[in-house]
Visitor: 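I'd like to ask you about the structure that follows.
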Amino acid sequence: MGEKQLLRALKGETLPTPPVWMMRQAGRYLPEYRATRAEAGDFLSLCYNSELAAEVTLQPIRRYGFDAAIVFADILLLPQALGVDLWFETGEGPRLSTSTTPDDIARLKPASDIHDHLGPVYETVRILARELPSQTALIGFAGAPWTVATYMIAGRGTPDQGPAHRLIQQDRKTFDALIGRLTDATIEYLSAQIDAGAEVVKLFDSWAGSLKGDAFDRYCIAPTRRIVQKLRARHPGIPVIAFPREAGEKYIGFARATGADCVALDNSVDADWAARNVQVDGCVQGNMAPRHMITGGPALVEETRRIVRAFSGGPHIFNLGHGITPDADPENVELMVQTIRGH
Ligand code: CP3
């Protein structure tokens with residue numbers, strides 16, 4: 001058994017068949033996930049139950065033989081570890097106590113104090129490092145500082161990240177202090193996941209697309225670069241995947257600017273354009289529209305082949321452009337994997 005395919009792609013190898021996994025691959029579209037979540041009680045209890053979190057991480061690996069498993073957790077566990085209140089409103093999404101004033105930021109716990117709270121996540125990683133098949137890579141993750149900050153400032157998800165943009169306008173010093181705290185805590189969090197056995201880490205900057213001009217450099221590129229540098233210094237050779245979702249033209253040069261080994265592409269980006277403009281700098285991940293997992297059929301097969309072909313000239317990890325949705329059909333995922341692997 002040679003080196004894991006996903007790790008080879010991340011090192012820049014062009015492979016005959018791209019490795020494949022899916023964002024949110026452990027999720028509500030799978031009946032076995034829904035059963036385990038019910039057993040845990042609710043979503044957050046599942047995240048903090050290491051045995052069950054490892055179980056749901058393994059479910060899509062057993063079904064589809066993906067080339068990577070991503071530890072089951074959530075980007076909002078980190079603010080919770082910093083002392084923020086977090087809960088999930090059924091059918092609506094996350095709610096948090098807000099962090100918008102200098103006092104709120106001062107009250108956040110120091111980065112070095114997050115590990116007791118996040119211990120169950122590290123334990124999930126340790127279980128997975130033991131139990132995963134030898135060809136499956138283990139991915140740890142965190143939200144990027146900007147994206148996590150948008151939830152902490154608004155206290156919930158927002159369509160345009162308005163509250164965070166307003167804080168930048170009205171009190172940049174406080175905003176910068178929050179980004180600084182999150183950057184430091186993210187380094188500690190990812191570093192501990194690597195110590196526990198994560199072989200790759202991914203930074204989810206889901207709301208990067210609403211940062212324009214100079215703000216994109218300050219709040220997306222700069223924190224990502226700092227996190228990559230610090231992790232590399234502590235863990236030489238650790239591969240980092242960055243996902244500046246909806247960055248558009250700013251995908252160009254993103255890997256060079258941040259030091260990331262791989263840039264994950266959302267599905268608003270044309271694959272041929274990205275092959276010419278982004279993949280020239282190294283590995284890319286993506287970027288099929290999640291809706292094909294609902295609709296399936298010949299269009300799914302055609303689109304899968306088109307994306308594989310577009311990126312066939314360089315290092316590529318096949319993925320969706322965003323998370324698979326709860327209404328997806330598990331059969332369509334199988335069809336996508338079979339098509340990639342040429343069966
Ligand atoms: O399988 C995996 O990809 C690993 C686990 C994972 C989850 N969330 C589990 C989850 C990962 C990597 C995330 C990342 C995450 N969480 C992001 C960044 C990626 C993205 O989607 O843009 C964000 C913004 C969050 C915050 C979050 N968590 C929201 C906004 C929601 C509610 C929306 C929803 O889909 O219900 C969650 C909940 C969540 N995180 C679920 C899962 C499987 C659904 C919860 C459930 O089972 O009820």
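Counting starts at 1 for both ligands and their atoms, in listed order.
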Visitor: Ring-plane angle category for His115 and Tyr122, please: parallel below 30°, perpendicular beyond 60°, tilted otherwise.
Guide: tilted

Visitor: Mind checking whether Trp146 and Phe216 have side chains closer than 4.5 Å, heavy atoms only?
Guide: no

Visitor: Give me each pair satisfying side-chain hydrogen bond (donor to acceptor under 3.5 Å, both in side chains) with a member in residues 285-294, each pair once, sequence neighbours excluded.
Guide: Trp21-Gln285

Visitor: Listed by chain and number, what are the side-chain contact (heavy atoms from CB on, under 4.5 Å) partners of Pro326, not counting sequence neighbours?
Guide: Arg28

Visitor: Can you list, by chain and residue number, every protein residue with a non-hydrogen atom closer than 4.0 Å to ligand 1?
Guide: Met23, Arg24, Gln25, Ala26, Arg28, Tyr33, Arg37, Phe43, Ile70, Val71, Phe72, Ala73, Asp74, Ile75, Phe88, Pro94, Phe141, Tyr151, Phe204, Ser206, His322

Visitor: Quick one: which residue pairs count as a salt bridge (Lys or Arg N to Asp or Glu O under 4.0 Å) with a foot in residues 109-134, not counting sequence neighbours?
Guide: Glu123-Arg126

Visitor: Less than 4.5 Å apart, any side-chain heavy atom of Met288 and any of Phe318?
Guide: yes

